[in-house]
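As the structure is a computational prediction, the values presented were derived from the model and not from experiment. Naming: A, B, ... by sequence-line order, numbering from 1 per chain.
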Protein chains: 2
Amino acid sequence: MPRNRQDQTKQAKRDEILAAASSLFLAEGYDGASMGKIAAAAGLTPNTLYWYFGDKDELFVAVADLYLDRLLQNHGAVAEKPLAQQFVWLVDSLRPVRHLVATVHARVTRSPRVEQWHSDFHKQMEALFEDQLTTKVPGAQRAAEVAVVTFAIEGAVTHDLDADATSNLCDSLAQRLAAE
Amino acid sequence: MPRNRQDQTKQAKRDEILAAASSLFLAEGYDGASMGKIAAAAGLTPNTLYWYFGDKDELFVAVADLYLDRLLQNHGAVAEKPLAQQFVWLVDSLRPVRHLVATVHARVTRSPRVEQWHSDFHKQMEALFEDQLTTKVPGAQRAAEVAVVTFAIEGAVTHDLDADATSNLCDSLAQRLAAE
DNA sequence: ACCTGAACACCGTTCAAGT
DNA sequence: ACCTGAACACCGTTCAAGT
């Protein structure tokens, strides 16, 4: 049954807005993608966005969640490969959304919503690799090793390392974890 | 001789603006520190800032340069210490300006000025440690090791790691470079 | 329930005008 | 040379009003 003026489910309209927001956030960044532009791309006036999302950061987090879900799903396909290859896969997966990554870090301070998402994101990433690390890395330094890997991968993404440099960096990270 | 209405050198007035901008950028971040607030803190109207600085990013970069210069000067005092201690020193030095670090990464895409500064910053940081690394790390993987160290330190800063975690992370980084 | 027009309090920046 | 008032084109967000 039609739920709004365009004979769409509320969820369908929400998804349309998310799609518009997603491509605009990617193309123009958080600041460049104004609520006005996003609304226009979704065929709405800016204020209507607030019927679907509390504020711009909630919309941003919803877009970030979209990519996070996709990432977690896709990990299954590489979960059995060597760590170095998984790291390269992760960098390559995040590379297209590197503007979003930078935005998350910039807005963590200003938006509790983004801060919460950022904290969850890191937990999920750690969960993704924790099992693979425990057997090899001694307990005392384990958290430090995980942090090094996490930050190095984030850095590779935000600094847009080329394929060779990425490959070397991921090898270096994996090699470190293999040595006891 | 007096050069403006307040009987100050242009440089002195510029420094006043920089001081105001610096503390506001630190306290409220790039977005929170509006040109209006900065101007008010310096006893001026917003538009007058454009007499001294081309735009907000030029002012921001000038503030960032202030801290970079201080950082490079202070490094002399720890240059002879073990690498792990130098890394801890670097994290501790950057910790107070972690909002600026996040802002740099967020604005690299939008401002050529910030992009240039960011590129220079990394060159300076690499120069600071390059000599200490060359003897220990083999040539092929050297760039990757430097990248890991750089990104891990940046991550420790932006994610505000506590003292213990920072210490462990820096030990881990230094230990890696010591092993051949 | 869904959407809009109009308004609010900002923002960075420009420019003619003052001293 | 230095500084301002006034204006411009935005911005995110709110709210009363429409359907």
For the residue pair B/Asp69 / B/Gln73, report whether a side-chain donor-acceptor contact shorter than 3.5 Å exists. no
B/Tyr52 vs D/dC3: side-chain N/O to OP1/OP2 distance below 4.0 Å: yes
Which of D/dC11, D/dT13, C/dC3 is nearest the side chain of A/Ser34? It is D/dC11
For C/dC3, take OP1 and OP2 only and decide whether either is under 4.0 Å from a side-chain N or O of A/Trp51. no
Rounded to the nearest angstrom, tell me the gap between atom CD1 in A/Ile38 and atom P in D/dC11. 11 Å
Distance check needed: C/dT14 P versus B/Phe53 CZ, whole Å only. 16 Å
In this structure, how many angstroms lie between the P atom of D/dT13 and the CG atom of A/Asp55, rounded? 5 Å
Could you please name the option among C/dC3, C/dG12, D/dC2 that lies closest to any side-chain atom of B/Lys10? D/dC2
Evaluate the side-chain proximity of B/Val157 to B/Leu90: yes if any heavy-atom separation is below 4.5 Å, no if none is. no
Between D/dT13 (P) and A/Leu59 (CG): distance, integer Å: 10 Å
Could you write out DNA chain D as dot-bracket? Rules: Watson-Crick or G-U wobble, both distances under 3.5 Å, brackets [ ] for crossings, | for pairs with another strand, dot for unpaired. ||.|||||...|||||.||
Tell me what B/Thr48 touches on the nucleic acid: a base, only sugar-phosphate, or nothing, going by heavy atoms under 4.0 Å. base
Out of D/dT4, D/dT13, C/dG12, minimum distance to the side chain of A/Lys56 belongs to D/dT13
Between atom CD1 in A/Ile17 and atom P in C/dC3, what is the gap in whole Å? 8 Å
Between D/dC11, C/dT13, D/dT4, which nucleotide gets closest to the side-chain atoms of B/Thr45? D/dT4
May I have the distance from A/Met35 (atom CE) to C/dC11 (atom C1'), rounded to whole angstrom? 17 Å
With heavy-atom distances below 4.5 Å as the criterion, would you say the side chains of B/Arg176 and A/Val148 are in contact? no
Given side chain to side chain donor-acceptor pair (under 3.5 Å), test B/Glu28 with B/His99 step by step and report yes or no. CA-CA 9 Å; B/Glu28 316 203 20; B/His99 293 345; over 6 Å; no
Can you check the A/Phe25 CZ to D/dG12 C1' distance for me, whole Å? 12 Å
Using a 4.5 Å cut-off on heavy atoms from C-beta on, say whether the side chain of A/Glu154 contacts that of B/Glu154. no
Look at all strands and tell whether B/Asp31 reaches a base, only sugar-phosphate, or nothing, counting heavy atoms closer than 4.0 Å. nothing
Taking the side chain as everything from C-beta on, heavy atoms only, tell me whether A/Phe25 gets closer than 4.5 Å to A/Val97. no
Any chance you could measure A/Arg113, atom CZ, to A/Phe60, atom CZ, to the nearest 0.5 Å? 13.0 Å
Nearest-Å distance for atom pair OH/C1', residues A/Tyr50 and D/dA16: 17 Å
On DNA chain D, nearest-nucleotide positions of A/Gly54 versus A/Lys37: which is more 5'? A/Lys37
